[in-house]
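Here is the naming used below: chain letters follow the sequence lines, and residue numbers restart at 1 for every chain.
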2 protein chains.
Amino acid sequence: MLKEERQHIILEKIQANNKVHSSTLSEILNVSEDTIRRDLKDLAEQGYIKKVHGGAMANPNLPKAKIDHNISKQTERTIIARKAASMIEDHQVIVLDGDLTNLMLVESLPKDLNLTVFTNSLRIASLLCEYELVETIFLGGRVSRQTQSTMGMEVINSLSDIHADFSFLEINSLHEELGITDGDRENAFIKKSIIKSSSQVIALCLSDDIGNIQPFKVGQINWVHSLITDLDPDDPKLNRFRNKGIDLK
Amino acid sequence: MLKEERQHIILEKIQANNKVHSSTLSEILNVSEDTIRRDLKDLAEQGYIKKVHGGAMANPNLPKAKIDHNISKQTERTIIARKAASMIEDHQVIVLDGDLTNLMLVESLPKDLNLTVFTNSLRIASLLCEYELVETIFLGGRVSRQTQSTMGMEVINSLSDIHADFSFLEINSLHEELGITDGDRENAFIKKSIIKSSSQVIALCLSDDIGNIQPFKVGQINWVHSLITDLDPDDPKLNRFRNKGIDLK
DNA sequence: TCAATATCTGCACATATACGCACAAAAACA
DNA sequence: TGTTTTTGTGCGTATATGTGCAGATATTGA
C-alpha cells in the first residue's frame, strides 16, 4: 500500500467520523502505529487534520492559505523575500501586490511587527490574519482565479484613495532603458497604480528577469527607488541600474 | 474516546443547555468526575466556558472567533449548507457573507455552476477560485483577523453599489417579533447592507439560535424571504415563522 | 453550625508518543 | 547495468500524557 493511498483513506475516515484512533487505523491498514502517527503528523502539518493524543480529529480551522513550495526559482525568491522583509519596520504603511515573492515576503516577517498593509492578494491577506499587530486593508474587486488576487477598476479606484510609505512589487521584466513592463495588461495597470500610491517603490526582481521586455508598460526605470534581486548588490550585472541612482539591495 | 472528542461533546451540551453538571457528564461520558473536571478546566482556560462549582456554564463574553473555531454543530451546519446550495442555479447573482455556514455552502456547490458571487470572506473567495465558471467580486475593506473577512465602511459602500438576486446570511439570532439581531455591531451593519443590496434574503439559522435576541438589530423578520434551518420544514417549532409568510426549507 | 458534595493534590498505572536505529524498497545517478 | 542516495517502515527505549483513586481541603445549603 502506498503512503498517499493510506493517507487518503485516513482523511476519508476523518471526514466520515470526525475522528480516528491511531490504534484502529493501524489495525485496518495493517501498518504499525508508528507509521500511522507519521501519517497523521504529515496530514496535520499540511493542515488537513488536527492531531490529538490517541489519534486525530477533523481540523476545525479551515483550509489555511498555504504556500506550495514547489514554486519555480524558490531559492532565488527566498533570498529576495528575506532582503525585502528586513527593510520593513514598525509603523510603516506598505502595499503588497499579489505576486508570489510578496507572499514569501510575508512569511519571512516577524510576528510582532506593527504594520498597515494594503493588498489585493487573498493569500497575503489570509496569511496576515495571523499577525496580531498588522492592520490589513484589502483592495476589493473582481477576483482573478489564477493569481487569487483582485483586479480591475475597483482596485485602481481604491488605490487612488490611499497613500503608503512603501510598495513592494514583483517585477517580471526590468530593462535599463524601457523600465518596467509586464505580460498582462491588467496586471500592468495595477502595478502602475500601486506605484503612484506610494512614496517609495521597492522592486523585487529575479536576476533572470533583468533585461526582459514585455508588451505592457508599467513605468519608467527611475520610478524605482530600491531594487532587490537574488544577486549580491555589488554584482556587475547590476551596474547599469547603480548608475541610475537606484538603491541596490 | 479521545479527550478532544469528549470536550467537544461537553461544549455542545453547554451550548444547548447553557450549563452542565460534572456528575451527569461523568455518567454520560463514562469517565470519572475527576476527568470531567480536568476537561472543564481545560476548556475554561481556553476561554470556551466558565467553570462554576458543580459544573460549568456558557461563557457570556465568548469571542465570536472561538465559536466559529469550534466545529460543534457541524452536522447541523452541513444540513443547512446542502439545502442552501440546492437553491442556487446557473446565472444567479448572489451575496455570501463571511460566516461559517456560507463557507460550507460553497463547499457543497457543484463545480460546473455559472454564477456571480459577491463576498467579503477571504476564505470563500479563495475557495471560489476553484470554480471555473464563477465570477467572484470581493468586497474590499479592513480585514478582521478573527473572521478572515472584511468589515467597515468600505464594505458597506461597495454593497451600496451592487444589486444581487439572492443573499445568503447566517443568522445568529432570529426572533419572531424582534427579527434578526447580532452580537457584533459591525457584523450587524454589514448584514443589514447585504439585505438591502439583494432582492431576496435567505436566512441560514441553526435551530438552536431561533428565539435568541442579541444587542444589535439587523432587520425585521419580514425582510427574510426564505428560512433554512437544520429542522424539517414542517417542524412545529417553525410554525411561528410559517405564519408570517416566510418560505421554509 | 453540620452534613453532603465538590474540588484539589499527589500518586500509580496504562497507554501514547518521540527518538534513534536498522533495514528494505524505491529512486536517482553514473 | 550496478551503485549510491533517499524514502518509508518497524522496533526498542525513554519520556510524556491521560486517567482513576485516595485522602485532605473547600464550598454549599439547610
Go through the side-chain N and O atoms of [X] and [Y] and say whether any donor and acceptor fall under 3.5 Å apart.
{"X": "B:S173", "Y": "B:D209", "result": "no"}
{"X": "B:S108", "Y": "B:R82", "result": "no"}
{"X": "B:D97", "Y": "B:N102", "result": "yes"}

Separation of [N] [atom2] from [X] [atom1] (nearest whole Å):
{"X": "B:M1", "N": "D:dG20", "atom1": "CE", "atom2": "P", "value": "11 Å"}
{"X": "B:I36", "N": "C:dT7", "atom1": "CD1", "atom2": "P", "value": "11 Å"}
{"X": "A:K3", "N": "D:dT7", "atom1": "NZ", "atom2": "C1'", "value": "8 Å"}
{"X": "A:L43", "N": "D:dG8", "atom1": "CG", "atom2": "P", "value": "13 Å"}
{"X": "A:L29", "N": "D:dT9", "atom1": "CG", "atom2": "C1'", "value": "14 Å"}
{"X": "B:L25", "N": "D:dG20", "atom1": "CG", "atom2": "P", "value": "13 Å"}
{"X": "A:D39", "N": "D:dG10", "atom1": "CG", "atom2": "C1'", "value": "13 Å"}
{"X": "B:H21", "N": "C:dT5", "atom1": "NE2", "atom2": "P", "value": "14 Å"}

**Q.** Heavy-atom donor-acceptor pair, A:R38 side-chain to D:dG10 base, under 3.5 Å
**A.** yes
Q. Of all the nucleotides listed (D:dT19, D:dA22, D:dG10), which has the minimum atom distance to the side chain of B:D34?
A. D:dA22
Would you mind reporting whether [Y] and [X] have side-chain heavy atoms less than 4.5 Å apart?
{"X": "A:R123", "Y": "B:L122", "answer": "no"}
{"X": "B:I10", "Y": "B:L40", "answer": "yes"}
{"X": "A:R77", "Y": "A:L206", "answer": "yes"}

Using a cutoff of under 3.5 Å, can you pull out all pairs of nitrogen or oxygen atoms linking the protein to nucleotides 15-17 of chain C, with atom names and distances?
residue : atom : partner : partner atom : Å
C:dA16  : O4'  : A:H53   : NE2          : 3.0
C:dA16  : O3'  : A:G54   : N            : 2.9
C:dT17  : OP1  : A:V52   : O            : 3.4
C:dT17  : OP1  : A:G54   : N            : 2.7
C:dT17  : OP2  : A:R37   : NH1          : 2.7

Q.
Can you see if the side chain of B:T35 gets near the phosphate of D:dT19 - specifically, an N or O under 4.0 Å from OP1 or OP2?
A. no
Q) Does atom NE2 of A:H21 have more than 12 heavy-atom neighbours from other groups under 6.0 Å away? A) yes
